[in-house]
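Here's the structure we're looking at; comments come further down.
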2 protein chains.
Amino acid sequence: MFLATTIKDIAKMAGVSAATVSRVLANKEGFFGSSTAKKVREAAAKLGYRKNTSATELVTRKSHDLAVIVNATKTNFSNHIIDGIQAAAFPKDLNVIILYAGDFDAERQRRAINTAVNRSVMGILLLSVEVNDDNLDLLKSAQIPFCFLSISETDESLPFITSDDEEVGYLATKYLYQQGHRNIGIAGINYKNAITGELRLHGYKRALKEFKLQENPDWISAGDYSYESGELAMSTYGRNTKLTGIIAGSDMAAIGIMNQARSLGLSVPDDISIVAIDGTELCEIVQPQLTSVSQSFYEMGTLGVDWLLNKDKKVTKTITPIKVIERQSVKRLTGKNSF
Amino acid sequence: MFLATTIKDIAKMAGVSAATVSRVLANKEGFFGSSTAKKVREAAAKLGYRKNTSATELVTRKSHDLAVIVNATKTNFSNHIIDGIQAAAFPKDLNVIILYAGDFDAERQRRAINTAVNRSVMGILLLSVEVNDDNLDLLKSAQIPFCFLSISETDESLPFITSDDEEVGYLATKYLYQQGHRNIGIAGINYKNAITGELRLHGYKRALKEFKLQENPDWISAGDYSYESGELAMSTYGRNTKLTGIIAGSDMAAIGIMNQARSLGLSVPDDISIVAIDGTELCEIVQPQLTSVSQSFYEMGTLGVDWLLNKDKKVTKTITPIKVIERQSVKRLTGKNSF
DNA sequence: CTGTTAGCGCGTTCAA
DNA sequence: TTGAACGCGCTAACAG
């Protein structure tokens with residue numbers, strides 16, 4: 001069997017004690033002389049020494065690893081959040097390890113949480129994953145700081161960083177209204193037992209009320225933010241729908257809506273306008289480009305790391321900015337139809 | 001400070017020795033009685049015990065973790081490979097931890113490799129990451145099995161699993177030829193100091209030769225598989241290009257080409273045909289849908305795990321299947337122009 | 001089937 | 001500035 005070189009090997013070669021090697025390698029300034037340091041470092045290099053993380057973590061009881069738990073949903077914005085996390089973690093010398101949990105798969109979720117917890121990582125960031133009560137308990141009992149990203153929580157004690165989801169729904173609706181739309185639908189969002197979706201729907205309804213627009217249950221189409229749920233919604237609305245504007249739960253859902261509209265012989269944005277929620281690069285590569293309510297994903301990531309690093313964990317709710325990015329999928333309506 | 005409960009605590013509560021607790025919790029069948037097992041499990045549950053992975057790994061010198069190192073390139077097929085890895089790893093009770101290495105960022109790459117190696121994971125899978133010599137040495141010296149995925153290697157001793165990249169280039173070209181195209185370009189691939197790209201280009205040239213087609217240096221456009229490199233290639237070709245068919249290095253590059261063609265007033269596929277290399281879901285959500293040479297990403301993932309688990313590491317080169325998926329971005333040419 | 005003992009590799013006292 | 005000794009939590013060998 002292969003045995004990795006340990007500090008003892010280095011100690012022997014350098015003619016010092018293991019303790020000294022430990023000190024040098026950990027850069028405990030002031031606890032060793034420069035000549036011994038040199039001997040130790042040379043020996044370490046020659047032997048190809050690599051520190052055993054398990055041993056270190058066992059004795060220090062702390063880790064330089066930051067776990068990110070991602071669900072496997074076919075969302076494409078996770079990358080942006082992860083980019084933000086990496087960017088913030090790198091200068092702090094934190095290693096980011098990413099763990100996938102299945103969608104709504106409690107067992108995989110549990111395993112992901114467990115691997116993080118059992119390694120006593122310094123913190124856990126959960127990317128748009130909804131945990132059940134058992135797994136939440138698991139998380140809480142571990143005494144490791146954690147924070148939800150890109151998801152809203154009702155429980156005030158749970159820390160999360162995300163967009164103001166109510167405002168997202170409101171803003172998308174308001175934008176369409178301002179562009180002259182009066183018959184506005186919302187599709188592809190999950191508002192059943194999922195706070196994020198509920199809030200967006202609520203914002204949508206609030207805008208409807210404020211602008212005295214008709215609320216039509218047929219125009220609210222539940223889904224899971226997927227391409228397919230967009231397609232399905234649009235085919236349910238049908239070719240002869242009275243809708244002129246649709247809010248899509250995600251970029252992917254928006255594309256599903258758009259393609260299905262085209263299949264039905266409808267033109268975007270001439271016959272039907274679409275506002276996507278998210279605003280990732282997908283909005284820019286489809287034709288026409290999608291107007292979106294864009295979220296600050298990258299920032300969610302950096303703020304997440306900041307939060308974990310911050311001693312003061314009193315703030316549990318952090319809101320990142322959103323804004324409408326106008327592209328090509330919304331037509332401005334004028335004339336008697338709309339005014 | 002918070003102290004986690006250990007097997008000693010359980011031992012005390014259950015009135016047995018720590019060794020017995022260890023056996024029960026590790027399910028060493030046949031080494032404990034059912035009554036003691038029950039006592040132990042109850043105590044463990046009551047105390048909210050969680051195994052300390054560092055301690056276990058320290059003594060057993062092995063890990064149930066499988067590290068996947070991903071580069072940060074904006075490729076979108078990594079998810080499929082990772083899905084395959086997860087699927088193969090789950091039933092084997094392996095935890096998959098994903099580490100991001102920057103693009104061509106040797107330092108981040110080193111850190112990613114180090115975190116994997118220092119934890120003595122059971123294996124390392126590298127997803128389309130090209131390592132420099134130093135990092136390759138690091139990898140080799142660790143005595144941990146590793147395998148490159150979705151990338152070709154020339155060094156026969158390095159294990160890798162990917163498509164036959166030469167064949168990818170050949171097949172795409174041949175397909176266009178069979179559809180009546182005679183002026184065929186290739187764009188968005190990196191064939192400078194990158195084996196994968198070199199091979200694809202080689203396959204392209206081989207097909208050209210075989211079918212006695214003209215090879216025009218202007219039709220070969222280097223790039224980095226990105227959307228932008230597709231855009232750039234197309235605008236360099238220009239509106240009046242003699243090309244009728246273009247092979248794109250990736251789905252994203254294909255979309256870049258398509259959108260730029262449209263900007264130039266060219267219609268896809270009527271004026272210009274495109275074959276994308278990869279065949280991810282992006283091909284199906286754009287309009288027109290992209291015909292592609294599709295790779296078996298999911299399978300690369302499952303095979304990668306199999307390879308790590310396999311005792312016999314003699315086979316270093318594994319090829320996964322490719323095939324042309326016909327969609328809507330290639331027009332069949334007939335008439336004197338082409339025949 | 002179970003307890004005792006030893007030690008994985010490292011960091012950290014305490015003495016010197 | 002350095003070394004000896006101890007222990008982190010756990011598993012493995014051995015004895016019973």
Side-chain angles (χ1 to χ4, degrees), chain A residues 1-41 43-44 47-65 114 117-121 142-143, chain B residues 1-41 43-44 47-65 114 117-121 142-143:
Chain A
M1 184 183 176
F2 171 78
L3 286 185
T5 75
T6 72
I7 52 173
K8 278 186 187 168
D9 303 322
I10 299 175
K12 205 174 295 172
M13 176 178 277
V16 296
S17 77
T20 300
V21 175
S22 173
R23 292 184 186 112
V24 172
L25 265 26
N27 275 313
K28 297 277 181 201
E29 307 279 3
F31 288 84
F32 51 82
S34 59
S35 63
T36 45
K38 190 166 170 240
K39 282 188 297 182
V40 168
R41 296 215 174 87
L47 295 172
Y49 171 75
R50 222 155 307 112
K51 181 190 288 213
N52 181 322
T53 308
S54 297
T56 305
E57 287 185 357
L58 180 58
V59 53
T60 63
R61 297 143 159 284
K62 62 181 150 189
S63 157
H64 287 127
D65 287 1
N114 260 329
V117 161
N118 293 348
R119 290 194 167 288
S120 30
V121 294
Q143 303 286 114
Chain B
M1 186 182 176
F2 170 78
L3 287 185
T5 74
T6 73
I7 52 172
K8 279 187 188 168
D9 302 322
I10 299 175
K12 205 174 296 172
M13 178 179 275
V16 296
S17 77
T20 300
V21 174
S22 174
R23 292 184 189 112
V24 172
L25 264 27
N27 274 313
K28 298 276 183 200
E29 307 280 1
F31 287 84
F32 52 81
S34 59
S35 63
T36 45
K38 190 165 171 241
K39 280 189 299 183
V40 168
R41 296 215 174 88
L47 293 172
Y49 170 76
R50 222 154 307 108
K51 180 191 283 210
N52 181 323
T53 308
S54 296
T56 304
E57 288 185 357
L58 180 58
V59 54
T60 62
R61 297 143 159 285
K62 62 183 151 188
S63 156
H64 286 127
D65 286 2
N114 260 329
V117 162
N118 293 348
R119 291 194 168 287
S120 29
V121 295
Q143 302 288 113

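Every chain is numbered from 1 and lettered A, B, ... according to where its sequence line falls, protein lines coming before strand lines. Because the structure is a prediction, the values reported are computed rather than measured. Quick note: numbers below take in every heavy atom, side chains included, and nothing from hydrogens, waters or symmetry partners.
Separation of atoms CZ (A:Arg50) and OG (B:Ser120) is listed at 10.5 Å; rounding is to 0.5 Å. Rounding to the nearest 0.5 Å gives a distance of 8.5 Å between OG1 of A:Thr56 and CG of B:Asn118. Separation of atoms CG (A:Asn114) and CZ (A:Arg119) is listed at 12.0 Å; rounding is to 0.5 Å.
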Q: Scan nucleotides 7-16 of chain C nucleotide by nucleotide, 5' to 3', and note B when protein non-hydrogen atoms come under 4.0 Å of the base, S if they reach only the sugar-phosphate, - if neither.
A: BBBBBBB---

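Between B:Glu57 atom CD and D:dC8 atom C1' there is a gap of 15 Å when expressed in whole angstrom units. Atom NZ in B:Lys12 sits roughly 12 Å away from atom P in D:dG9 (whole-Å rounding).
Using a 4.0 Å heavy-atom criterion, one finds that B:Phe31 contacts the bases of the nucleic acid, with or without backbone contacts as well.
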Expected list for residues 13-23 of chain B: side-chain donor-acceptor pairs under 3.5 angstrom, two or more places apart:
residue : atom : partner : partner atom : Å
B:Ser17 : OG   : B:Ala19 : N            : 3.4
B:Ser17 : OG   : B:Thr20 : N            : 3.3
B:Ser17 : OG   : B:Thr20 : OG1          : 3.3

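The local environment of NZ in A:Lys39 is crowded, with over 12 non-hydrogen atoms from other residues, nucleotides or ligands closer than 6.0 Å.
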